[in-house]
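In what follows, chains are A, B, ... by sequence order, proteins preceding strands, each numbered from 1.
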Protein chains: 2
Amino acid sequence: MPTAPVRVLEHPAPEEITLEGVLHALSDPTRLRIVRFLWRLEEDEGAPCSAIELEITKSTTTHHFRVLREAGVISQVYRGTAKMNALRRRDLGALFPGLLDAILAADAARHEREDVPARSPA
Amino acid sequence: MPTAPVRVLEHPAPEEITLEGVLHALSDPTRLRIVRFLWRLEEDEGAPCSAIELEITKSTTTHHFRVLREAGVISQVYRGTAKMNALRRRDLGALFPGLLDAILAADAARHEREDVPARSPA
DNA sequence: ACACTCATACGATAAACGACGTACTACGAC
DNA sequence: GTCGTAGTACGTCGTTTATCGTATGAGTGT
């Protein structure tokens with residue numbers, strides 16, 4: 001077998017992760033949705049790409065997951081035929097403490113405002 | 001003078017500010033630098049565009065300030081011949097609590113790591 | 001071997017972006 | 001008025017981006 005295809009994905013080391021890169025990765029609605037989904041999972045738990053329903057084609061989905069991985073936001077490992085995706089909580093937390101929490105809390109608050117049209121308090 | 005040019009800039013209302021828009025606006029190094037500069041000023045204090053030294057031309061500077069304004073990150077008001085820029089702390093704080101702080105804290109931490117090359121701890 | 005599923009690779013395309021230069025407007029000072 | 005300064009508008013150029021379609025590979029089950 002000539003140079004067997006490496007089934008290990010390239011991930012940026014923590015010191016290669018940039019704030020701008022992370023912000024850019026999260027500035028796309030589709031990617032923010034992916035991250036929001038992964039955020040709800042348990043620590044170190046992962047999900048295959050197909051676990052998230054997106055109104056885009058598979059190739060575009062692959063593209064977005066790749067952007068997230070190359071920005072250092074998620075990790076991807078092959079597990080059988082699927083590829084498990086997980087947030088890099090530990091690395092991001094060490095590099096940018098509170099950043100992910102603030103962004104996803106802001107995102108959650110936004111969705112509350114939008115999803116619940118006009119619920120008067122009590 | 002037919003239809004005098006309006007010297008008031010358009011700003012998005014708070015409900016028009018999107019998280020993605022803010023993240024995208026902050027995902028550019030130049031714009032992040034601008035925001036970092038404005039962040040150090042006092043509450044509601046502003047600075048003209050020319051107060052920040054950037055290695056780009058004036059037209060590009062105008063472009064970046066406009067992106068920040070249209071994303072709802074800064075406010076711009078004419079004051080004589082200059083245009084004062086200020087962070088929209090209140091609006092952003094109400095919409096996305098802690099977001100700006102987390103981003104700028106992350107940015108500050110990053111700069112500390114980079115600016116101090118190899119200071120061994122004690 | 002075969003089919004099926006999950007995901008990738010490659011190529012194309014249209015849109016957005018960052019940077020620039022030049023020409024212009026608005027304001028204040030002289 | 002004239003001049004300088006601060007910033008805008010517009011057009012351009014090259015790069016990146018988001019999307020797609022089609023073809024392909026890697027793994028699992030029959």
Side-chain angles (χ1 to χ4, degrees), chain A residues 1-11 18 20-35 37-38 46-71 73-86, chain B residues 1-11 18 20-35 37-38 46-71 73-86:
Chain A
M1 58 189 88
T3 59
V6 185
R7 298 240 71 203
V8 175
L9 283 304
E10 288 247 350
H11 290 76
T18 70
E20 289 91 342
V22 172
L23 293 180
H24 176 250
L26 297 180
S27 70
D28 180 274
T30 303
R31 292 196 288 265
L32 197 52
R33 231 177 114 180
I34 294 172
V35 171
F37 179 90
L38 294 177
C49 301
S50 54
I52 312 167
E53 286 207 14
L54 303 167
E55 303 88 26
I56 51 176
T57 63
K58 266 199 294 187
S59 38
T60 308
T61 304
T62 299
H63 163 69
H64 284 304
F65 273 95
R66 174 207 280 266
V67 171
L68 286 171
R69 171 168 51 84
E70 291 182 344
V73 178
I74 66 169
S75 63
Q76 300 187 294
V77 280
Y78 283 103
R79 177 146 191 178
T81 174
K83 192 163 69 175
M84 301 308 274
N85 305 276
Chain B
M1 56 188 87
T3 59
V6 185
R7 296 240 72 202
V8 175
L9 283 305
E10 287 247 351
H11 290 77
T18 70
E20 289 91 342
V22 171
L23 294 179
H24 175 250
L26 297 180
S27 69
D28 180 275
T30 303
R31 291 194 289 263
L32 197 51
R33 231 177 114 180
I34 294 172
V35 171
F37 179 90
L38 295 177
C49 301
S50 54
I52 311 167
E53 286 208 12
L54 303 167
E55 302 89 26
I56 51 177
T57 63
K58 267 199 298 184
S59 37
T60 307
T61 305
T62 299
H63 163 67
H64 284 305
F65 274 95
R66 173 206 281 265
V67 171
L68 286 171
R69 171 168 51 83
E70 292 182 343
V73 178
I74 67 170
S75 63
Q76 300 187 294
V77 280
Y78 283 104
R79 178 147 190 176
T81 175
K83 192 163 67 176
M84 302 308 274
N85 305 275

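- Distances were taken from every side-chain heavy atom of Arg31(B) (C-beta onward) to each of dG18(C), dG7(D), dC6(C); the shortest belongs to dG18(C).
- Using a 4.0 Å heavy-atom criterion, one finds that Thr62(A) contacts the bases of the nucleic acid, with or without backbone contacts as well.
- Listed pair Arg66(B) / dG7(D) fails the phosphate criterion, with no side-chain N or O lying under 4.0 Å from OP1 or OP2.
- A heavy-atom distance below 4.5 Å is found between the side chains of Ile34(A) and Leu54(A).
- Per the geometry, CZ belonging to Arg79(B) stands 17 Å off C1' belonging to dG7(D), to the nearest Å.
- Counting to the nearest Å, the C1' atom of dA9(D) and the CD atom of Glu10(B) are 16 Å from each other.
- Each of Asn85(B) and Glu55(A) was assigned the nucleotide of DNA chain D with the nearest heavy atom; the assignment lying further toward the 5' end belongs to Asn85(B).
- One interatomic measurement links the two molecules: CZ of Arg33(A) to C1' of dA18(D), which rounds to 16 Å at whole-angstrom precision.
- Taking 4.0 angstrom as the limit, Thr57(B) places a side-chain polar atom (N or O) nearer than this to OP1 or OP2 of dC20(C).
- A straight line from NZ of Lys58(A) to P of dC10(C) spans 17 Å, rounded to a whole angstrom.
- Of the side-chain N and O atoms in His64(A), one or more sit less than 4.0 angstrom from OP1 or OP2 of dT19(D).
- Residues Gln76(A) and His11(A) have side chains in contact (heavy-atom distance under 4.5 Å, counting atoms from C-beta outward).
- Residue contacts shown for His63(A) include a base, since a base heavy atom lies under 4.0 Å away.
- Between His63(B) and Ile56(B) the shortest side-chain heavy-atom distance does not fall below 4.5 Å.
- In this entry the distance linking CG of Leu68(B) with C1' of dG18(C) reads 14 Å, nearest Å.
- Taking every heavy atom of both residues into account, Arg69(B) and Glu10(B) meet most closely at NH1-O, 2.9 Å.
- Rounded to the nearest 0.5 Å, atoms CG (Leu26(B)) and NE2 (His24(A)) are 12.5 Å apart.
- OP1 and OP2 of dG18(C) both lie 4.0 Å or more from every side-chain N or O belonging to Thr60(B).
- The distance between atom CD of Glu20(A) and atom P of dT16(D), rounded to the nearest whole Å, is 16 Å.
- Nucleotide dC17(C) holds its C1' atom 15 Å from the CG atom of Asp28(A), rounded to whole Å.
- Taking only side-chain nitrogens and oxygens, Ser59(B) never comes nearer than 4.0 Å to OP1 or OP2 of dT22(C).
- Across the protein-nucleic acid pair, Ile56(A) atom CD1 and dT19(D) atom P stand 6 Å apart, rounded to whole Å.
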